[in-house]
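Contents: one structure, followed by commentary.
Throughout, a chain's letter reflects where its sequence line sits, starting with A, and its residues are numbered from 1. The figures that follow rest on heavy atoms only: side chains count, while hydrogens, waters and symmetry mates do not.
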Amino acid sequence: MNSKRLLNQRNLLMLAALILAALVPLAFRSDQYAMILMTTVLIYAVLATAWNIIGGMAGQLDLAMGAYLGLGAFTAGTLLIRWSITPWIGMFLGGLVSMLFAMLIGFPLFGFKIKELWYALTSSALVTVMQVIFLMWNGVGGPTEVYLPTRISPLYSLRFNTYMPYYYILLVLLVVVIIFNNRIRYSKLGYSLLALGEDEDAVEVLGVNSQASKLKALMIYAFVCGIVGGLYACIYGYLHPSFFSTNMSTEIAILGIVGGLGITYGPLLAAVLLVSFREYLRASLGGGMEGLYLAVYAVILILIALFQPRGLAPLVNSGYRKLQTFFGELRHGKPADVESH
Amino acid sequence: MENQPMLKVTNLTKKFGNLVAVNNASMEVYPGEIVGLIGPNGAGKTTLFNAITGLYKPENGKVVFKGVNITGFLPHKICKLGMSRTFQVTRAFLHMTVEDTVRVGAYNRRNEKNVLAKVDEIIELCELGDIRTRVCGDLGLAQLRKVELARALATEPEMLLLDEAGAGLNATELSAFMTLLQSLNKDYHITFCVVEHVMQMVMGICQRIVVLDSGELIASGTPSEISHNQRVIEAYLGKRAVNYVN
Amino acid sequence: MIETATQSVITGTMMGIIYALIALGLSIIFGVMNVVNFAHGDFVMLAMYLSFTVGTLFAWDAVITPVITVPLLFVFGLITYYLLIDRTLRQMYVVQLAVTVGLQILMRSAALIIWQAQPRALQYSFIQGNIEIGPYSILTSRLVGAVVSLIFIGGIAYFLNKTWSGKAMRAASDDLDVASLMGVNYHRTYALTFAIGAALTAVAGGLLMSFQQTDPQGGVRFGLLSWCVLALAGLGSLPGLIVSGIIVGIAETFAISFIDPRARLLAVYAIFILVLWLRPRGLFGRK
C-alpha cells in the first residue's frame, strides 16, 4: 500500500545506504585492497539483485549467469580489440548479445516446460558448454588470455589503473537494477512472475502467458549479466574462457536463495554481507592454506540454508519491524504501520 | 443468438497411455446457463475440464467456445477469450496476499491504471475485505475456495468452470456460496459449468445436468429428470441397487 | 573411418558402463529420497582423491583401493545424510540445492587444501596394456572397470529386490507415509540409501583412477554426466541405466575422436537437452 509513496521509511533507509556507499571509497581511496574488495562486492550485488528477477520472482532456478556474463565480456572486449569500439557502447552491445542468447536458450526450454531441477541442471551445464566452445574458438583467443588494450584514452577504453571509477559505475548500475527490480515487482510482469513461480497451470488459466513472462524475466536478467560482463572484462583487463564460471554462477543463485527468494533486498543483502565476509576470510586466511577461506564460507552458506531456509531478508525484516514498532511507540504511543514487502 | 451454444464439446477423447479418461464426450452449454457436470469418482470430469481449458491436449474431438475452435489452445489464450476456471484441489498462490492474487487475474483485461479498481470491485463482491492483505498460505479451505473464485472472476470471464467449488464447505458457507453464484449468473451474466459432488448445490442451482461415467456421457437433462434416470442411478449405485429400488 | 568409429563404440561402451555405476548412486538417492544432490559429481572427485592417497600410501593398484575407500565414503555419506540432508527432506528443493551446493564448495575447497590444485594420478598399476582383437584394442584397465561396474550394478539390483533393507528402500520410494506406517524407519532407510549412493562413487572412483587423473574441479564433469545418464534412463530401470550410460559414453568418445577432445562435454550436453525436450520421462522411465 505504501509502496507507492516515494519517501517512505524504506526508501529513506535505502537513500542513506546509497549515500554511505558513495562516500566510503573516498575514505579508502589509497587502499587498493579495500577498493578491490568493494568492487567485487558490488559485482556480486548487481548480479544477485538481477538474479532475483528470474530466480526469486519467477522461481526459475537459473544457474547460467556465467554464460551471460562471459558472452558480455567477450563481446565488449572483442569489439574494443578488433574495432576500437569503446566499452561504454560495447557493454550494452554485450548485454544485447547475452539477451538474444538467453532468448534462443529460453524459448525452447520454457516452451517444453523444462523447470525446477531440470532447468537448474540445464542452465548450469550451459555455462560449461559455453566455456568449452570459447576454449575451442581460437578467433577470440581460445585458451590464451587476451589482454585489453588502452585505445585513445583510459576513459574511452574504460581502462583505469584504480578501481574507483569501476566502483562508481557499478554503483550506478546497482541503483538502476534495484529501481528496475522494484518497478517490475509491482507491475503486471512482477505479479505474474510471483504467481507462476508458485503454480504455473493456475496462473495460465488466469490469462497469463507463463512462457512469455519467464522469457522476459530471463532476458532482462541476461541483459544485466551481459553489461556486468563488459565491465568485468575491463576491470580484469583481459578475456579468458574462465569467465564462463560454473562456480560463480551457482554462487549468485545461492546468494539469491540465502538472501531470501523474491525479496529485492535479500540477494543484495546476502551479496554485501557474505561476499565481503568471504573476501575478508580470503585476506586473513588466504596466505597459508589455499581453499580454507572457501571451506569456511561454504560452512556458513550451509548453516544459513539449513537454519534460515526462508533466507536472511525475513530475519532482518523482523528485526527492522521490531525497531520500527519500538520507535513508533516512542513517537506516537502506538505501533507504526508495517509494510509487507 | 440464444440458440448458439457458448461452449460446444464434440466427440472429445483423452487418453493417458492405455487408460481412456474421457471417451467421445459431447456436451453443450448455452449462454446464461448453470450446467452441472456430475458423475462417480474417476468418471473423467476433471480431465474433461482440463481438456476444455487447455491444460491437456485431447487426442480427438473438438472444443468450440463462442464460435472459436479452441482445441489445443494454450490456457492463457482461452482465458483471454473469456473462459476461466477453479481447481478441485485449491491451487492458491500460497506466498501471495489475497489482493495480489486477485490482481494477477485482473490484469487479464486491465492495465496498470485501472487494475486496482477491478481488484477492489472483486474483493467487495466476494466479501474478502477482511482478509485482503492476508497471505493465502494462512487461510482456511472455505476462504481459499472464495479466493480462487475471486481471481477467476477478476479475469472478467463470460464463462466459468468450477471444479468442486462446494467441497469441504459447511452448510452456511455452502448456501452463501450458492447465493453468490446465482447472483453472478443473474447480475453479471456469467455462464457456469460446475463439477460437483454436493448434490444439494447441484440440485439447488443447476438448470441442466450432464452425467459422465467411465469417461462417457450417459445422460443429460433437468435436475428432476436426472434424479429419476435409470442409467444414472446404475452408475452411482451399481446395477443391484437399481433392482432393489425397483 | 569405420575403424575409428568401431573403436569409439568399444571404448565408449566401457566408459559408459562406469558412468552407469556413478549414475546409479545418484539414481537411488533421487529415486528413493527425491533428494537433489548437486554434489554427486564431487563425491566421485573425493573418491578419486581417496583412491590416489590409498594407492600411493600402500603402493596399491587403483582398482583395489575401493576396499578402503568404499567404507570411507559410506561413512562420509552417513555423516552427510544426518548432518545435512535429513534436515532438508521436508524443505523445497531450492533449499536442498543451496545445501548441496554449499557441500560442493566445501568438498572442492577441502580437496584444494589437502591435495592442492595440480592434477593427481596414480603410478602403480598391474593391469596394464591392451587386449588386441584384430585392428581394435581394449585398454585392460577399462575392461576391468566395466566388468567390476557391471558386477556392482548387479549386486545393487539383487540388494533392492531380495533383501529387506532393499525392499524398504523401494517401499519408501513409492510412498513415504505408507512405508512409515508399515514400520520402515525412513530416516534409517534414507541414511542407508544415501550412504550406498556415496559408496558406489567410491567404487567408480577407484576404477576411474586406474586410467585417469583428478583435480579439485574434477567433479563438474561427473555431475553433468550422471544427471545426463539419469535423465536419459528415467527412474526405476537398471538395464535402462546401463544402456543410457553406454549411449552417453559412446557419444562422448565419438565427440573426442571426430571433433575435438574438448568437445566431449558438448556431446553430453546435446543429449541431455534433447532428452529433456523430447522425452522428459527418459527412455526407460516408469514415472
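- Between Pro309(A) and Val95(C), the shortest heavy-atom distance links the atoms CB-CG2, 3.9 Å.
- For the atom pair CH2 of Trp227(C) and OG of Ser124(A), the computed distance is 11.5 Å after rounding to the nearest 0.5 Å.
- With a threshold of 4.5 angstrom between heavy atoms, Val268(C) does not approach chain A through any atom at all.
- Heavy atoms closer than 4.5 Å to chain A are found in both the backbone and the side chain of Ala231(C).
- Taking chain A as the reference chain and counting heavy-atom pairs below 4.5 Å, the highest number among Leu265(C), Leu103(C), Val94(C), Leu84(C) is found for Val94(C).
- Within the structure, the ring pair (Phe, Tyr, Trp, His ring centres under 6.0 Å) test picks out the following pairs touching residues 119-143 of chain A (sequence neighbours left out): Phe74(A)-Phe134(A), Phe110(A)-Tyr119(A), Phe134(A)-Trp137(A), Phe134(A)-Phe244(A).
- Looking at Glu251(A) and Val101(C), their side chains never come closer than 4.5 Å, going by heavy atoms from C-beta outward.
- Contacts between Ile254(A) and chain C at a heavy-atom distance below 4.5 Å involve the side chain alone, from C-beta outward.
- With a 4.5 angstrom heavy-atom cutoff, Arg108(C) touches chain A only via side-chain atoms.
- For chain C, the nearby part of Leu261(A) is the side chain; its heavy atoms alone come within less than 4.5 Å.
- Contact of the Leu121(A) side chain with the Phe38(C) side chain is registered, since non-hydrogen atoms from C-beta on lie closer than 4.5 Å.
- Thr122(A) places a side-chain heavy atom less than 4.5 Å from the side chain of Ile273(C).
- Taking 4.5 Å as the limit, every side-chain heavy atom of Tyr297(A) sits out of range of all side-chain heavy atoms of Leu106(C).
- Per-residue heavy-atom pair counts under 4.5 Å with chain C were compared for Val258(A), Leu301(A), Ile302(A), Ile133(A), and the maximum is reached by Ile302(A).
- Residue contact with chain A, scored on non-hydrogen atoms closer than 4.5 Å, is absent for Ile114(C).
- Only the side chain of Gln217(C) comes within less than 4.5 Å of a heavy atom in chain A; its backbone stays farther off.
- Open room surrounds CZ on Arg310(A); 12 or fewer heavy atoms of other groups in view lie less than 6.0 Å from it.
- The candidate from Thr250(A), Leu63(A), Val132(A) with the greatest count of non-hydrogen atom pairs under 4.5 Å with chain C is Val132(A).
- In terms of the ring-ring contact (aromatic ring centres under 6.0 Å, His included) criterion, residue partners of Phe254(C) (sequence neighbours excluded) are, by chain and number, Phe258(C).
- Across Ala298(A) and Gly102(C), no two heavy atoms sit closer than the pair CB-O, 3.4 Å.
- Other residues, nucleotides and ligands place no more than 12 heavy atoms under 6.0 Å from the CZ atom of Phe107(A).
- Ranked by non-hydrogen atom pairs under 4.5 Å with chain C, the options Leu117(A), Leu303(A), Leu306(A), Asn247(A) are led by Leu117(A).
- Considering only heavy atoms from C-beta on, Leu294(A) stays 4.5 Å or farther from Leu112(C) through its side chain.
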Query - Full working for side chain to side chain contact (heavy atoms under 4.5 Å, CB included) between Tyr93(C) and Leu61(A) - result: CA-CA 10 Å; Tyr93(C) 81 107; Leu61(A) 217 64; 4.0 Å; yes

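- In this structure, the separation between CG on Leu266(C) and CE on Met130(A) is 10.5 Å, given to the nearest 0.5 Å.
- In this structure, the portions of Ala263(C) lying under 4.5 Å from any heavy atom of chain A include both its backbone and its side chain.
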